[in-house]
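Order of the sequence lines fixes the chain letters, A, B, ..., with proteins taken first and strands second; residue numbering starts at 1 for each chain. The structure presented is a predicted model; accordingly, all values stated were derived computationally and were not measured.
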There are 2 protein chains.
Amino acid sequence: MKVDEIKDAALKFFTIHGYEGASLSQIAEEVGMKKQSLYAHFKGKDDLFLQVLRDAKEAERASKLEYMSGFDEHHPERDLYGFLRLVIDLFQKNEQLKFWLRTSFFPPAHLADAIGQEVVDIETEIQGILERKFKDWIDTKAIYGESAKTPTLAFLGIVDSIMLSLVYDNDEQRLEEKLEACWTVFWRGISHP
Amino acid sequence: MKVDEIKDAALKFFTIHGYEGASLSQIAEEVGMKKQSLYAHFKGKDDLFLQVLRDAKEAERASKLEYMSGFDEHHPERDLYGFLRLVIDLFQKNEQLKFWLRTSFFPPAHLADAIGQEVVDIETEIQGILERKFKDWIDTKAIYGESAKTPTLAFLGIVDSIMLSLVYDNDEQRLEEKLEACWTVFWRGISHP
DNA sequence: AGATGACTGACGAACGTTCGTTAGTTGGAG
DNA sequence: CTCCAACTAACGAACGTTCGTCAGTCATCT
């Protein structure tokens, strides 16, 4: 499907150069056509960008939801650490998560409102699910905690910091160190008072 | 000084729109002149951008170093929590840290190498100082730890996640919750085994 | 026959940049 | 004190290029 080829190329250039820095001619050249021909498949640059964005969002959402559906009540250490590894994996396997990250943090100004709404959507959903899991773990005394919200937000903080490291710590070794450090301290911090 | 006015305007637009999205005409208009006149003060867009970048880097460096020079051996809780508050303060008081964050994570492609070097510079320096402090705290048993590197990296992770929240959690309330959550878990994780 | 998808050609607008030219200021030299 | 030279800071005009977009054409395939 040509549409998907175009979206792949667009994803690549939007990720590297951002919305303003990526040009339709680059994208078209990547798939071997002229930029004007893109208009047979998309209404314009914004349309292409938003479709790529929604695909990326949906992919991230699906991956995370699927992984979290495998959580049980008794192995928070395995499940949470696995979640961090999943994020790293998603990040390295395809560009969608990196694109999503860049776009949600620094959206093109004229689309900021629309994008902000989508970001809040998915974030609220993930946080809600996670918080319910944490509540279970606290109830079963698998971890320590007075409210579920504190470990949830702290964990999401770790996810954020790991994603940032993925962006700018190109060094694989350093990423591993950081992950282990964050995880060690986090787990020590939630596993007992 | 007109040069500083220009740099202020440039900082503003580079922060909002990024390198590619900010135009010299916008910047010039902000200070009440034509874009051609900018060339009396800067060699070009790259020159202006890099000068703004180095100013931002130096400002961040200076603020953090000054704050850390006030650390002592016996109050890690006060000093580290204060450091997080400092970051929030810097972020909200001027745009330089936000600009620095955006640029170091998503630099314009043709300047990526030069910028990457500057990022590594400052990061290495901050981490080194912090790690020595953590070593002191471990030695004086103010905190628990086997090596200084683990709490250092974990703390830097929290700094990263707080900065990210500053970028996209426009909600003040949510930021405070996140800070408290991260800090609570972190401190519990490093204050005893 | 009709629809699809790519093409060519052209559009106005904006980009960063360079040029030559003005004022206005400053600093010595005569 | 004056005069001239150098410098500063802004300007309009234009450069060549690229941008996103639209219109019309032509081959392919159902």
Side-chain angles (χ1 to χ4, degrees), chain A residues 1-56 95 99 102-103 106-115, chain B residues 1-56 95 99 102-103 106-115:
Chain A
M1 209 40 91
K2 244 338 174 354
V3 171
D4 293 322
E5 270 186 67
I6 297 173
K7 286 203 229 173
D8 282 351
L11 173 66
K12 172 178 165 183
F13 285 104
F14 283 141
T15 302
I16 301 177
H17 299 106
Y19 176 89
E20 293 94 348
S23 76
L24 294 184
S25 25
Q26 283 180 315
I27 295 169
E29 194 183 13
E30 177 89 358
V31 296
M33 49 195 276
K34 303 289 175 183
K35 61 172 175 175
Q36 303 95 315
S37 306
L38 299 179
Y39 285 77
H41 305 276
F42 303 94
K43 297 166 75 169
K45 194 181 188 183
D46 282 6
D47 182 36
L48 173 56
F49 183 82
L50 288 174
Q51 287 203 34
V52 172
L53 180 75
R54 298 209 170 97
D55 286 356
E95 293 213 86
F99 169 80
R102 172 171 199 155
T103 305
F106 303 109
H110 71 291
L111 300 176
D113 287 347
I115 294 172
Chain B
M1 208 40 90
K2 249 320 167 20
V3 171
D4 292 323
E5 270 186 66
I6 296 173
K7 285 204 230 175
D8 282 351
L11 173 66
K12 172 178 164 183
F13 285 104
F14 281 141
T15 302
I16 301 176
H17 299 105
Y19 176 89
E20 294 93 349
S23 77
L24 293 185
S25 23
Q26 283 179 314
I27 295 169
E29 195 183 10
E30 176 89 358
V31 296
M33 49 197 275
K34 302 292 172 181
K35 60 174 174 175
Q36 311 93 296
S37 309
L38 299 179
Y39 285 78
H41 305 276
F42 303 93
K43 296 167 75 165
K45 194 181 190 183
D46 283 5
D47 183 35
L48 173 57
F49 183 82
L50 288 174
Q51 287 202 35
V52 172
L53 180 75
R54 299 210 169 96
D55 287 355
E95 293 213 87
F99 169 80
R102 173 171 198 156
T103 305
F106 303 108
H110 71 290
L111 300 175
D113 287 346
I115 293 172

**Request:** Using a cut-off of strictly less than 4.0 Å, decide whether B:His41 has a side-chain nitrogen or oxygen near OP1 or OP2 of D:dT8.
**Result:**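 Answer is no, no contact under 4.0 Å.
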**Short side-chain N/O contact from B:Ser25 to OP1 or OP2 of C:dA14, under 4.0 Å** =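 Result: no.
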[X] has a side chain; which of [options] sits nearest to it?
X       : options               : answer
B:Lys45 : C:dC7, C:dT17, D:dA10 : C:dT17
B:Ser37 : D:dG20, C:dC7, D:dA10 : D:dA10
A:Lys34 : D:dC11, D:dG20, C:dC7 : C:dC7

**Message:** If you assign B:Lys35 and A:Glu20 each to the DNA chain D nucleotide with the nearest heavy atom, which residue ends up on the more 5' nucleotide?
**Reply:**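 Final value for this comparison: B:Lys35.
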**Prompt:** Once the angle between the rings of B:Phe49 and B:Phe14 is folded into 0 to 90°, is it parallel (under 30°), tilted (30 to 60°) or perpendicular (over 60°)?
**Reply:**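 Ring orientation, 0 to 90° scale: perpendicular.
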**Prompt:** On the ring face of A:Tyr19, is A:Lys45 found with NZ or CZ under 6.0 Å from the centre and within 45° of the axis?
**Reply:**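 Pair A:Lys45/A:Tyr19 counts as cation-pi.
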**Asked** Would the number of heavy atoms belonging to other residues, nucleotides or ligands and lying under 6.0 Å from CD of A:Glu5 be above 12?
**Response**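 Yes.
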**Asked** Taking atom CG of B:Asp4 as the centre, does the number of heavy atoms from other residues, nucleotides or ligands within less than 6.0 Å exceed 12?
**Response**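 Atom CG in B:Asp4 is crowded, with more than 12 foreign heavy atoms closer than 6.0 Å.
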**Fill in**
A correct 5'-to-3' footprint of nucleotides 18-24 of chain C, with B, S and - meaning base, sugar-phosphate only and no protein heavy atom under 4.0 Å, is B------
In this structure, how many angstroms lie between the [atom2] atom of [N] and the [atom1] atom of [X], rounded?
X        : N      : atom1 : atom2 : value
B:Glu29  : D:dA10 : CD    : P     : 16 Å
A:Leu38  : D:dC19 : CG    : C1'   : 13 Å
B:Glu5   : D:dT8  : CD    : P     : 19 Å
B:Phe42  : C:dT17 : CZ    : C1'   : 16 Å
A:Lys2   : D:dC29 : NZ    : C1'   : 15 Å
B:His110 : C:dG16 : NE2   : P     : 11 Å
B:Tyr19  : C:dC15 : OH    : P     : 13 Å
A:Leu50  : D:dG20 : CG    : P     : 15 Å

Which atom of [X] lies closest to which atom of [Y], heavy atoms considered:
X       : Y       : result
A:Glu95 : A:Thr15 : OE1-CG2, 3.7 Å
B:Asp47 : B:Lys43 : OD2-N, 2.9 Å
A:Ile27 : A:Leu48 : CD1-CD2, 4.3 Å

**Message:** Is any side-chain heavy atom of A:Thr103 closer than 4.5 Å to one of A:Val52?
**Reply:**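 The answer is no, as the side chains (C-beta and beyond) never meet within the 4.5 Å cut-off.
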**Message:** B:Lys35: which residues meet the side-chain hydrogen bond (donor to acceptor under 3.5 Å, both in side chains) condition with it, sequence neighbours left out?
**Reply:**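 B:Lys35 satisfies side-chain hydrogen bond (donor to acceptor under 3.5 Å, both in side chains) with no residue once adjacent residues are dropped.
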**Asked** Touch check for A:Ala22, heavy atoms < 4.0 angstrom, all strands: base, sugar-phosphate only, or nothing?
**Response**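 If one applies the 4.0 Å heavy-atom cut-off, A:Ala22 turns out to touch the sugar-phosphate alone, with no base involved.
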**Message:** Dot-bracket for DNA chain D, please. Rules: Watson-Crick or G-U, both distances under 3.5 Å, ( ) within the strand, [ ] when a pair crosses earlier ones, | for another strand, . otherwise.
**Reply:** |||||||||||||||||||.||||||||||
**Request:** Could you grab the distance from atom CD of A:Glu20 to atom NE2 of A:His110, nearest 0.5 Å is fine?
**Result:**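 Interatomic distance, A:Glu20 CD to A:His110 NE2, rounded to 0.5 Å: 8.0 Å.
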